[in-house]
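This report refers to the structure that appears directly beneath it.
Only a predicted model underlies this, so the values are computations on that prediction, with no experimental measurement involved.
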Amino acid sequence: QVQLVESGGGLVQAGGSLRLSCAASGIIFRPKVMGWYRQAPGKQRELVARISNDASTNYADSLKGRFTITRDYAKNTAYLQMNSLKPEDTAVYYCNMIILVSGRDYWGQGTQVTVSS
């Protein structure tokens with residue numbers, strides 16, 4: 001029943017912006033961490049940002065100041081605002097959710113972000 005669906009990816013020029021969304025199906029009643037990861041061709045998946053149930057956030061150091069993660073608890077949705085995009089940001093971006101009481105992981109199918117020079 002639990003499902004994560006990402007949207008908002010696409011092709012943008014360097015310096016542009018995108019806003020990704022991750023909608024979790026149903027209502028999740030337990031504390032959780034939601035985050036965004038990305039995977040570029042030939043590279044392993046890496047953390048972009050995450051937000052906990054108490055709204056505390058963590059970012060990859062190299063992305064701080066350009067990317068912002070937010071969360072709408074009523075809509076059960078996480079967002080990733082990406083500004084000043086660079087070609088090296090090109091990757092498939094995945095939404096992740098961890099239920100804290102169980103430690104169970106959930107992943108979305110990913111959304112492609114391509115930044116042209």
Subject >> Q112, CD: over 12 other non-hydrogen atoms inside 6.0 angstrom >> reply: yes
Original post:
Applying the 4.5 Å side-chain criterion to the ILVMFWY set and letting contacts propagate, would V33 and L4 be lumped into a single cluster?
Top reply: no
Subject >> Side-chain (S25) to main-chain (Q3) donor-acceptor, under 3.5 angstrom >> reply: yes
Subject >> Donor-acceptor pair, side chain of D105 and main chain of N96, under 3.5 angstrom >> reply: no
Original post:
Would I99 and Y106 satisfy side chain to side chain contact (heavy atoms under 4.5 Å, CB included), going step by step from the backbone distance to the final call?
Top reply: CA-CA 8 Å; I99 306 299; Y106 299 91; 3.7 Å; yes
Original post:
Once you round to the nearest 0.5 Å, how far does CG of L47 lie from CZ of R38?
Top reply: 10.0 Å
**OP:** Taking all non-hydrogen atoms of both residues into account, name the closest pair between A49 and Y59 and its distance.
**Re:** CB-CD2, 3.5 Å
Tell me which donor-acceptor pairs under 3.5 Å the side chains of residues 78-86 have, and how far apart each pair is, sequence neighbours excluded?
from : atom 1 : to  : atom 2 : distance (Å)
Q81  : NE2    : N83 : OD1    : 3.0
N83  : OD1    : S17 : OG     : 3.0

Original post:
Distance from D89 atom CG to L63 atom CG, nearest 0.5 Å?
Top reply: 6.5 Å
Original post:
Does F67 share a hydrophobic cluster with V12, counting links as ILVMFWY side-chain heavy atoms below 4.5 Å and allowing steps through other members?
Top reply: yes
Original post:
Could you walk me through whether M97 and V2 pass the side chain to side chain contact (heavy atoms under 4.5 Å, CB included) check?
Top reply: CA-CA 10 Å; M97 179 175 68; V2 175; 3.6 Å; yes
**OP:** Apply side chain to side chain donor-acceptor pair (under 3.5 Å) to the pair E88 and T90, showing each step before the final yes or no.
**Re:** CA-CA 5 Å; E88 52 262 43; T90 295; over 6 Å; no
Original post:
Taking S102 for the side chain and R104 for the main chain, is one N or O donor matched with an acceptor at less than 3.5 Å?
Top reply: yes
**OP:** Sequence neighbours left out, what pairs pass side-chain hydrogen bond (donor to acceptor under 3.5 Å, both in side chains) with at least one residue falling in residues 6-15?
**Re:** S7-S21
Original post:
For Y94, is the NZ or CZ atom of R45 found under 6.0 angstrom from the centre of its six-membered ring and inside 45 degrees of the ring axis?
Top reply: yes
Subject >> Stepwise side chain to side chain contact (heavy atoms under 4.5 Å, CB included) test for W36 and L20 >> reply: CA-CA 9 Å; W36 289 94; L20 307 182; 3.7 Å; yes
Original post:
Roughly how far, to the nearest 0.5 Å, is OG1 of T77 from CE of M34?
Top reply: 7.0 Å
Original post:
Taking all atoms of both residues into account, what is the closest heavy-atom pair of I51 and R71, and its distance?
Top reply: O-NH1, 3.3 Å
**OP:** Kindly write out the residues that satisfy side-chain contact (heavy atoms from CB on, under 4.5 Å) with A40, not counting sequence neighbours, or none if the list is empty.
**Re:** K43, A91
Original post:
If you measure from SG on C22 to CG on D72, what distance do you get to the nearest 0.5 Å?
Top reply: 12.5 Å
**OP:** Run the ring-centre check on Y37 versus W107 and record whether the distance is less than 6.0 Å.
**Re:** yes
Original post:
Which distance, rounded to the nearest 0.5 Å, do you find between the CG of L18 and the OG1 of T111?
Top reply: 8.5 Å
